[in-house]
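Here's the structure we're looking at; comments come further down.
Below, chains carry the letters A, B, ... as their sequence lines are ordered, and counting in each starts from 1.
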Amino acid sequence: MKALLNNLNSRQRDAVKHIGSPLLVLAGAGSGKTRVITCKIAYLIQKCGIKPQHITAVTFTNKAAKEMKNRVQKLLGQGENRGLRVSTFHSLGMDILRSELTRANLKTGFSIFDQHDSKALIKELMPGKMIDEDELNRIVQAISRWKNNFCLPEEALLQAGNDEQEHIAAKLYALYNTHLRAYNAVDFDDLIMLPVMLFKDHPAVQAVWQQRIRYLLVDEYQDTNSTQYQLVKLLIGVRQGLTVVGDDDQSIYCWRGAQPENLALLKEDFPQLTVIKLEQNYRSSGCILKAANTLIANNSHVFKKTLWSQLGYGDLIKVISAPSDEQEAERIVSSIVHHQFRYRCKYGEYAILYRGNHQARIFEKKLREQQIPYYLSGGMSFFSYTEVKDILAYLRLLVNQEDDNAFIRIVNVPRRELGAATIEKLARYAKQRHISLFAASFELGVEQVLNTRQVTSLRQFTDWIIRLTDEIQRRDCVEVVKEMVDVIGYAAWLQENSKSDYAAQKRVENVQDLLSWLERMQKAEENNTLSLADMVSKMLIMDIIERNNEEQNSADQVVLMTLHAVKGLEFPHVYMIGMEEELLPHRNSIEEENIEEERRLCYVGMTRAQKTLTLSYASKRRRYGEHIETAPSRFLSELPAENLEWINKKPQLKEEERIEFGRAHLDKLRTLLQ
DNA sequence: TCGAAAGACTTTTTT
DNA sequence: AGTCTTTCGA
């Protein structure tokens, strides 16, 4: 215990020991916030006698949750963390819903729709044949925004007023929700919103959960949306057991409803709130930290804070320019090769960071040419592979036969002579009778709509599914699932439908990964009580790829990642590429005049670096196949010149650009002198 | 109903 | 440039 606290600085220690009232920890980048949270959990258990099952820590990503769990385990003795809940907001929401199915208006095995499913459903519901993709996206976003702001369809309709587009979206919102419920399904946003509704409607249920969670810790608080904050408030009630940790400078998720204002709002909602700032940075060299501070000083702030570091000044920040995106990649890769050779570093110490996923492609190519091992993060989620979605759709249907989306997805995969035309007819019939496609297949009425052959194939399929659901009850469900994959001949189907043998093999592997993950999940559960339904829902909100990360993390590979995905991580040597106007800041953000979030994104990237930081840009870039002239990012000119080292000579600026560049510097000097 | 080939569209970030 | 979609012919 002593050792536990001795490893902390005084501010961190205050944060850990503060129990009496709600606490807000404003933790700058690299100031040891995860350490504070994990130590606090250990402290609550060991020193305050709070049982682990009464403590819940909430994070935003499964990765962060996992990391936190591991670190707590290391601090505590064997078995001392039994019952401790460290989860994402979404899986906490799911647990709440599962504990109160009936009152939440759900049935066992409810499906979780991801964006793809949701989008497909909304598309179905949109009137008119001509569907404008932009409009669809707008509506999907609008609905998500409403759910994130805890705005019910009725309110949305009222708010829409005379705005025709909003009105249409609000109407669809209501319709979409009705259909979700009919499918016994919820979407991602519902996982937060429905628990809030549940608590509001049933104080008794709320009380149960308040008993269950006596101390709540929330990580990355600046990323919470309104609905999530409401959930936090409902869980806390009048009790004071709350610690939230956040950093308004690292708020980069406003576009999906995050409200960094929630940090300031805490002060109003909890008048007894204590605020502790963590400003000592343990990560980056002085030079990097100073530059990052200067950059972020250009943003407006509610909470002032200045990071400082006891680490040495370190190397200057390198700026590399290149005539084209291709050469940019070449220069960066060769810079890594040289550095790695000269200083005997591991490849795993380097990270290449960028704004958009597509930027990785060219770097992949160059790294492969040089035979440098790399790890590409993000891009494709494991669950977005068609083969994974297919098998998952089978599982969803086994668990929840009302899930029409799952039904449509796999009814003819592999081929069962039940093509689009047949399903179309079935769907029309089901709609008229207000029942699911699955249920419709058993009705006598379908025999009028479909021909004999179609009916036979259809019933063959649905009967088979029924038999399987029955078997799952009686036998080891993972075994049944494995057999099912064999029976449908899925591997052969993949072989036929892949472009190359290699691709087919990869896809078969993915399916096997999915199955072995199911198996592991089943075994991990103590008394083997996990039903298939539980496993499917768990799986849908957890990304398997994150599980494999562990192996990948320990492998010695250069990391390629988006600036969003890199939050929370650190690397000895960081390369930020594509430091150009229209890219960082992104052109859409420039249009929306949302430069501050882009600046924070840049700040997050810079503060990942421990020893060296290299920024690069190209003056010509390929976009949609054509060459575009680009300009260096304004953020480069916001950095203090004395912290930068231009590797290639500064590109010739046009006269007006040079004046602009100089003016920016003068402005900065002036503000510094004030 | 299915496959090949032309054509359209893409790039913001993700639980 | 690369990927996903639509179209046309069998």
Side-chain angles (χ1 to χ4, degrees), chain A residues 58-65 87-94 112-116 118 131-134 137 140-141 144 147-148 186-193 219-220 223-225 227-228 250-258 325-326 353-362 364-365 377-384 386 412 414-424 453-454 457 496-497 499 540-543 545-546 561-568 578 580 582-592 594 597-598 600-602 604-605 621-628:
Chain A
V58 186
T59 64
F60 275 83
T61 64
N62 293 303
K63 200 164 157 191
S87 67
T88 61
F89 260 108
H90 290 88
S91 57
L92 175 64
M94 200 182 67
I112 295 168
F113 276 30
D114 64 15
Q115 281 132 306
H116 247 92
S118 300
I131 286 166
D132 178 18
E133 192 69 15
D134 282 352
N137 283 330
V140 172
Q141 271 176 34
S144 179
K147 290 191 174 188
N148 287 331
V186 302
D187 64 20
F188 268 101
D189 300 319
D190 283 338
L191 287 172
I192 314 295
M193 189 174 187
D219 190 18
E220 304 279 15
D223 291 340
T224 50
N225 59 43
T227 309
Q228 283 163 333
Q250 292 186 68
S251 157
I252 53 175
Y253 284 106
C254 292
W255 50 272
R256 65 166 198 213
D325 48 354
E326 179 134 356
L353 309 180
Y354 38 81
R355 178 68 232 257
N357 280 307
H358 63 282
Q359 288 174 267
R361 193 172 295 140
I362 193 161
E364 270 191 275
K365 193 174 135 202
S377 143
M380 267 292 232
S381 146
F382 185 76
F383 287 110
S384 55
T386 35
N412 205 31
R415 300 261 113 77
R416 287 190 188 90
E417 296 185 299
L418 292 166
T422 313
I423 300 307
E424 186 94 4
R453 229 179 97 190
Q454 291 170 322
S457 310
E496 274 170 49
N497 288 281
K499 285 192 186 128
L540 284 163
I541 56 169
M542 253 194 288
D543 218 322
I545 215 112
E546 290 175 4
M561 229 180 237
T562 63
L563 288 164
H564 282 90
V566 82
K567 192 166 73 156
E580 292 149 33
E582 311 240 297
L583 210 49
L584 185 72
H586 194 273
R587 60 210 292 248
N588 296 355
S589 301
I590 297 174
E591 270 169 37
E592 293 160 26
N594 189 12
E597 180 144 319
E598 298 291 306
R600 289 192 290 267
L601 206 46
C602 185
V604 165
R621 187 172 289 277
R622 241 195 166 105
R623 196 162 74 202
Y624 307 146
E626 59 177 341
H627 289 284
I628 305 275

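Counting heavy atoms from C-beta on, the side chains of A:E220 and A:T59 never come closer than 4.5 Å. Put simply, the side chain of A:T88 does not reach to within 4.5 Å of the side chain of A:F60, judged on heavy atoms.
At whole-Å resolution of the value, CD1 in A:I590 and P in B:dT13 are 16 Å apart. In this entry the distance linking CG of A:D223 with P of B:dT14 reads 13 Å, nearest Å. Nucleotide B:dT13 holds its C1' atom 12 Å from the CD atom of A:Q141, rounded to whole Å. With rounding to whole Å, A:D189 atom CG is found 11 Å from B:dT14 atom C1'. Taking atom CD of A:E326 as the reference point, atom P of C:dA1 lies 10 Å away to the nearest angstrom. Here C:dG2 presents its C1' atom at 12 Å from NZ of A:K365, a figure rounded to the nearest Å. In this structure, CZ of A:F113 is placed 18 Å from C1' of B:dT15, rounded to the nearest angstrom. Straight-line distance from the CD atom of A:E424 to the P atom of B:dT1: 11 Å, rounded to whole Å.
Salt bridge annotation for A:E364-A:R361: absent, with no cationic side-chain nitrogen under 4.0 angstrom from a carboxylate oxygen.
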Discussion item. I'd like to know whether A:E592 forms a side chain to side chain contact (heavy atoms under 4.5 Å, CB included) with A:W255, so could you lay out the CA-CA distance, the side-chain angles of the two residues, the decisive distance to 0.1 Å, and finally the verdict.
Written reply: CA-CA 11 Å; A:E592 293 160 26; A:W255 50 272; over 6 Å; no
Item to complete: For side chain to side chain contact (heavy atoms under 4.5 Å, CB included), just list the numbers for A:I252 and A:V604, CA-CA rounded to whole Å, side-chain angles, deciding distance to a tenth of an Å, and then say yes or no.
Response: CA-CA 9 Å; A:I252 53 175; A:V604 165; 4.2 Å; yes
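For A:E598 and A:L418, each mapped to the nucleotide of DNA chain B holding its nearest heavy atom, the one lying further toward the 5' end belongs to A:L418. If you find the closest nucleotide of DNA chain B to A:T562 and to A:N412, the one lying nearer the 5' end belongs to A:N412.
Taking CZ of A:F89 as the reference point, atom CG of A:N225 lies at 8.0 Å (rounded to 0.5 Å).
Once the 5.5 Å centre distance and the 30° plane angle are applied, the aromatic ring of A:F60 is found not to be stacked with the base of B:dT15.
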Between protein and nucleotides 6-11 of chain B, what N or O pairs are separated by less than 3.5 Å?
from	atom 1	to	atom 2	distance (Å)
B:dT11	O2	A:H358	NE2	3.0

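With both ends at atom C1', the span from B:dT11 to C:dT6 equals 22 Å, rounded to whole Å.
Both key distances under 3.5 Å define a Watson-Crick or G-U pair, and stretches of 3 or more such consecutive pairs in DNA chain B run B:1-10 with C:1-10.
Heavy-atom minimum distance, A:C254 versus A:R600: SG-NH2, 4.0 Å. When all heavy atoms of A:E417 and A:N412 are compared, the pair lying nearest together is N-OD1, 3.4 Å.
Among A:T227, A:V186, A:D187, the single residue meeting the side-chain contact (heavy atoms from CB on, under 4.5 Å) criterion with A:M193 is A:T227.
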